[in-house]
Amino acid sequence: AERGSAQLLGWTLRLRKKSGDGSAKADLAKGRGTVWGALFEIKTSDLRQLNKKEGGYVPVPVQVRDSSGALVDAWTYVAPSKRYRARLRPYGWYLELIWKGADLFELPKPYRSGLRRRRGKADTDTERLARAARYRAKDPKRVPNTLELARALLRLRRWTLSKQDPGNLAAPATSPTRRSPAAPTRS
């Protein structure tokens, strides 16, 4: 379920994650800054699918401030090491997905302006361009289901997940001593 916008303090958005398609994808880095995004609660079965799909990323526990100002324990995806990073540019359509998500969740206007100043490169793969065009053409007022939204937004790597069942998230590969918290018990 969608929980609205949230901010992650002490992190910055970087377009540096090496993708198999020859472009850069979004990544987060600790630093002096704030990353804005959307907060979701996701069913365990859907979370497992997302974890499989997010190749080259690891889930990392973070604490975000939700739209009411409350601190929320959450998860986000980051590239685990320099091996997964490169000096590449993102495709223009990829940046448009980021912009569309920022508009959809009404992130602060100065943040959205900063996102729009980033420049991408042309993609020559017609099949990939067609998929991106189909997604961009969807009516932004249409309310997609949670999994569809999460799949699209989490590809942006800057969107933060609410911690519904963290027991299904693997501990970050870069920190073998850190363990994911135990899953909450439900009656």
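Computed over heavy atoms, backbone and side chain alike; hydrogens, waters and symmetry mates excluded. What you are looking at is a predicted structure, and each value in this text was computed from that prediction instead of being measured.
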Can you tell me how far the OH atom of Tyr84 sits from the NZ atom of Lys18, to the nearest 0.5 Å? 9.5 Å
Nearest 0.5 Å, what's the CD-OG1 distance between Gln49 and Thr44? 11.5 Å
Roughly how far, to the nearest 0.5 Å, is OG of Ser5 from CZ of Phe105? 9.0 Å
State whether the side chain of Trp99 and the backbone N or O of Leu115 hold a donor-acceptor pair below 3.5 Å, judged by distance alone. yes
Atom pair CG/CD of Leu39 and Gln7 - distance to nearest 0.5 Å: 12.0 Å
Can you tell me if Tyr94 uses its side chain to pair, donor with acceptor, with the backbone of Ala26 under 3.5 Å? yes
Within a radius of less than 6.0 Å around CD of Gln63, do more than 12 heavy atoms belonging to other residues, nucleotides or ligands occur? yes
Tell me, do Trp36 and Pro108 make a side-chain contact under 4.5 Å, heavy atoms counted? yes
Any donor-acceptor N/O pair, Arg112 side chain to Leu107 backbone, under 3.5 Å: yes
Could you give me the CA-CA distance, side-chain angles and deciding distance for Leu129 and Trp93, then say whether side chain to side chain contact (heavy atoms under 4.5 Å, CB included) is met? CA-CA 8 Å; Leu129 282 169; Trp93 59 260; 3.7 Å; yes
Student check: side-chain heavy atoms of Ser23 and Lys121 closer than 4.5 Å: yes
I'd like to know if Glu96 pairs up with Lys100 as an ion pair, taking the criterion as any Lys NZ or Arg NE/NH1/NH2 lying under 4.0 Å from an Asp or Glu carboxylate oxygen. no
Return the CG to CG distance between Leu15 and Leu95, rounded to the nearest 0.5 Å. 6.0 Å
May I ask you to check whether Thr126 and Arg128 show a side-chain donor-acceptor distance below 3.5 Å? no
Are any of the side-chain heavy atoms of Tyr111 and Val35 separated by less than 4.5 Å? yes
Could you go step by step and tell me if Val58 and Val78 meet the side chain to side chain contact (heavy atoms under 4.5 Å, CB included) rule? CA-CA 6 Å; Val58 293; Val78 300; 4.1 Å; yes
Show the nearest heavy-atom pair for residues Gly56 and Pro80, with the distance to one decimal. O-CD, 3.2 Å
Side chain to side chain contact (heavy atoms under 4.5 Å, CB included) evaluation trace for Asp125 with Asp21: CA-CA 9 Å; Asp125 183 310; Asp21 65 10; over 6 Å; no
Return yes if some donor-acceptor pair links the side-chain N/O of Arg3 with the main-chain N/O of Ala38 below 3.5 Å, else return no. no
Between Lys17 and the options Leu88, Leu28, Asp27, the side chain to side chain contact (heavy atoms under 4.5 Å, CB included) test singles out Asp27
Locate the shortest heavy-atom distance separating Thr12 from Gly31; write the atom from each residue and the value. CG2-C, 4.5 Å
Salt bridge flag under 4.0 Å for residues Arg116 and Asp103: yes
